[in-house]
Visitor: 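Take a look at the following structure, please.
Every chain is numbered from 1, with letters handed out A, B, ... down the list of sequences.
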2 protein chains.
Amino acid sequence: MQVPLYQAKAEFFRMLGHPVRIRVLELLQDGPMPVRDLLVAIEVEPSNLSQQLAVLRRSGIVTATRDGSTVVYALAGGDVAELMRAARRILTEMLAGQEGLLAQLRDAEAGSG
Amino acid sequence: MQVPLYQAKAEFFRMLGHPVRIRVLELLQDGPMPVRDLLVAIEVEPSNLSQQLAVLRRSGIVTATRDGSTVVYALAGGDVAELMRAARRILTEMLAGQEGLLAQLRDAEAGSG
DNA sequence: TCGCGAATTCACGAACTCTTCAATTACAGC
DNA sequence: GCTGTAATTGAAGAGTTCGTGAATTCGCGA
């Protein structure tokens with residue numbers, strides 16, 4: 001592999017780092033979907049959605065196929081779901097940790113002020 | 001939750017989207033590690049590493065504790081490993097897919113030219 | 001208290017990403 | 001061939017992130 005693995009991973013995660021792109025991937029987990037439906041589900045400018053879809057396409061995580069005048073997107077590989085689950089688990093842990101921290105801070109303030 | 005979930009997820013992935021940060025997280029999977037050792041393992045300017053560590057700290061995925069004159073970093077929650085595994089699996093699939101695509105393109109060129 | 005090494009913070013220019021609007025391509029129906 | 005709709009592409013400005021070097025903080029030991 002020419003590109004170091006950690007750099008490929010970083011690029012992969014950066015590709016995921018956008019709300020619209022996340023929503024697209026989550027919607028596509030239930031099966032292929034035309035752009036029109038994505039556009040209705042995610043309220044965003046068509047050109048903006050297209051740009052984000054282009055990012056996903058370029059990275060290879062989704063595929064686009066034309067069917068008449070509509071374009072249908074689908075996940076290229078299976079297990080994005082598992083990734084999302086893992087992310088959600090960590091995120092939950094982290095938020096819990098931060099709430100704990102917030103509670104601590106609140107207590108500290110109550111104690112000192 | 002004030003912040004929509006998909007936005008929190010996007011921020012989370014964006015936080016992972018940097019080679020140095022990925023390497024730090026992978027190194028910390030084997031246990032806590034002082035900055036000095038991270039600095040040796042990841043060849044990068046100290047100030048640069050510090051900046052990336054600050055990003056990880058702010059997000060809450062790692063914790064820093066001072067021990068004398070050295071600072072030791074550790075993963076805040078357990079299962080970053082699983083996330084990385086899921087990412088690697090998808091990445092492998094994607095790269096395989098792209099190789100397949102390349103092969104296809106090569107064949108198409110051979111066929112048409 | 002002074003100096004030293006470890007780590008962080010600050011500041012700034014370069015590079016990148018995001019959003020938006022206009023222009024363009026691709027197709028279906030007339 | 002036109003017209004209209006679906007989707008993409010291009011370009012530009014605003015905002016972010018990155019990397020570097022200088023300055024700063026923190027704690028240890030002489």
Side-chain angles (χ1 to χ4, degrees), chain A residues 3-4 6-25 27-28 32-76, chain B residues 3-4 6-25 27-28 31-76 101:
Chain A
V3 178
Y6 50 84
Q7 189 167 338
K9 273 192 202 164
E11 272 166 37
F12 174 71
F13 284 125
R14 214 169 48 209
M15 175 272 283
L16 295 174
H18 190 288
V20 169
R21 299 198 289 262
I22 291 285
R23 295 191 79 184
V24 168
L25 292 179
L27 287 166
L28 293 186
M33 196 176 273
V35 172
R36 195 170 349 92
D37 292 4
L38 291 171
L39 212 39
V40 171
I42 311 168
E43 293 182 12
V44 75
E45 295 280 327
S47 65
N48 194 345
L49 180 60
S50 247
Q51 303 261 24
Q52 307 311 329
L53 288 174
V55 172
L56 295 175
R57 244 184 301 127
R58 248 176 271 135
S59 84
I61 201 173
V62 304
T63 60
T65 55
R66 183 146 220 144
D67 176 18
S69 75
T70 84
V71 175
V72 177
Y73 278 81
L75 292 183
Chain B
V3 178
Y6 51 83
Q7 190 167 337
K9 274 192 202 163
E11 273 167 36
F12 174 71
F13 284 124
R14 213 169 48 211
M15 176 272 282
L16 295 174
H18 190 289
V20 169
R21 298 199 289 264
I22 292 285
R23 295 190 79 182
V24 168
L25 291 179
L27 287 166
L28 293 185
M33 197 177 272
V35 173
R36 193 169 351 91
D37 292 3
L38 291 171
L39 212 39
V40 171
I42 311 167
E43 292 181 13
V44 75
E45 295 281 326
S47 65
N48 194 345
L49 179 60
S50 247
Q51 305 252 35
Q52 307 310 331
L53 288 173
V55 172
L56 294 174
R57 245 185 300 127
R58 250 177 269 135
S59 85
I61 201 174
V62 304
T63 60
T65 55
R66 183 145 221 142
D67 177 18
S69 76
T70 84
V71 175
V72 176
Y73 278 82
L75 292 182
L101 186 64

Visitor: For the pair made of CE in B:Met15 and P in D:dT17, what is the distance, rounded to whole Å?
Guide: 13 Å

Visitor: Measuring from A:Tyr73:OH to A:Leu38:CG, what's the distance to the nearest 0.5 Å?
Guide: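 The CG atom of A:Leu38 is 8.5 Å from OH of A:Tyr73, to the nearest 0.5 Å.
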
Visitor: Can you measure B:Ile42 atom CD1 to D:dG19 atom P for me and round it to whole angstrom units?
Guide: 12 Å

Visitor: So how far is it from B:Met15 CE to B:Leu25 CG, rounded to the nearest 0.5 Å?
Guide: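 Between B:Met15 CE and B:Leu25 CG, I get 6.5 Å after rounding to 0.5 Å.
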
Visitor: Measure the distance from CG on B:Leu53 to C1' on D:dG19 and round it to the nearest whole Å.
Guide: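 To the nearest whole Å, that distance equals 15 Å.
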
Visitor: Please compare A:Leu39 and A:Arg14 by the position of their nearest nucleotide in DNA chain D and report the one closer to 5'.
Guide: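 Residue closer to the 5' terminus by nearest nucleotide: A:Leu39.
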
Visitor: Using atom names, set out every protein N or O paired with an N or O of nucleotides 9-13 of chain D below 3.5 Å, distance rounded to 0.1 Å.
Guide:
from	atom 1	to	atom 2	distance (Å)
D:dG10	O6	A:Gln51	NE2	3.2
D:dA11	N6	A:Gln51	NE2	3.3

Visitor: Report, one pair per line, the protein and nucleotides 27-29 of chain C atoms (nitrogen or oxygen only) whose separation is under 3.5 Å.
Guide:
none

Visitor: In whole angstroms, how far is the P atom of C:dA26 from the CZ atom of A:Arg36?
Guide: 19 Å

Visitor: Can you tell me how far apart CG (A:Leu49) and CG (A:Leu39) are? Round to the nearest 0.5 Å.
Guide: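 Between A:Leu49 CG and A:Leu39 CG, I get 5.5 Å after rounding to 0.5 Å.
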
Visitor: Both B:Asp37 and A:Val44 contact DNA chain C. Taking the nearest nucleotide for each, which residue is further toward the 5' end?
Guide: B:Asp37

Visitor: Is there a side-chain contact between A:Leu27 and A:Ile42, using heavy atoms and a 4.5 Å cut-off?
Guide: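 They are in side-chain contact.
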
Visitor: Between atom CD in A:Glu43 and atom P in C:dT19, what is the gap in whole Å?
Guide: 15 Å

Visitor: Please give, in whole Å, the distance from C:dA15 P to B:His18 NE2?
Guide: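 Spelled out: NE2 on B:His18 to P on C:dA15 is 15 Å.
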
Visitor: Between B:Arg21 and D:dC18, does any side-chain N or O lie under 4.0 Å from OP1 or OP2?
Guide: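 Result: yes.
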
Visitor: If you measure from OG1 on A:Thr63 to CG on A:Leu56, what distance do you get to the nearest 0.5 Å?
Guide: 11.0 Å

Visitor: Evaluate the criterion side-chain contact (heavy atoms from CB on, under 4.5 Å) for residue pair B:Val55 and B:Arg21; output intermediate values, then yes/no.
Guide: CA-CA 8 Å; B:Val55 172; B:Arg21 298 199 289 264; 3.8 Å; yes

Visitor: Considering non-hydrogen atoms only, spot the tightest contact between A:Gly60 and A:Ala76 and give its length.
Guide: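 Looking at all heavy atoms of both residues, the shortest contact is O-CB, 3.2 Å.
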
Visitor: How close or far is atom P of C:dA6 from atom CG of B:Leu38, stated in whole angstroms?
Guide: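 Computing the B:Leu38:CG to C:dA6:P distance gives 14 Å.
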
Visitor: Given D:dT8, is OP1 or OP2 found less than 4.0 Å from the side-chain N or O atoms of A:Tyr73?
Guide: yes

Visitor: For the atom pair CZ (A:Arg36) and OG (A:Ser69), what is the distance rounded to the nearest 0.5 Å?
Guide: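 A:Arg36 CZ to A:Ser69 OG: 7.0 Å, rounded to 0.5 Å.
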
Visitor: Whole angstroms only, please: what is the CG-P distance between B:Leu56 and C:dA7?
Guide: 16 Å

Visitor: What's the closest nucleotide to the B:Gln52 side chain, out of D:dG19, D:dG21, C:dA7?
Guide: D:dG19

Visitor: Can you tell me how far the NE2 atom of A:His18 sits from the CD atom of A:Gln51, to the nearest 0.5 Å?
Guide: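 Here the interatomic distance stands at 10.0 Å.
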
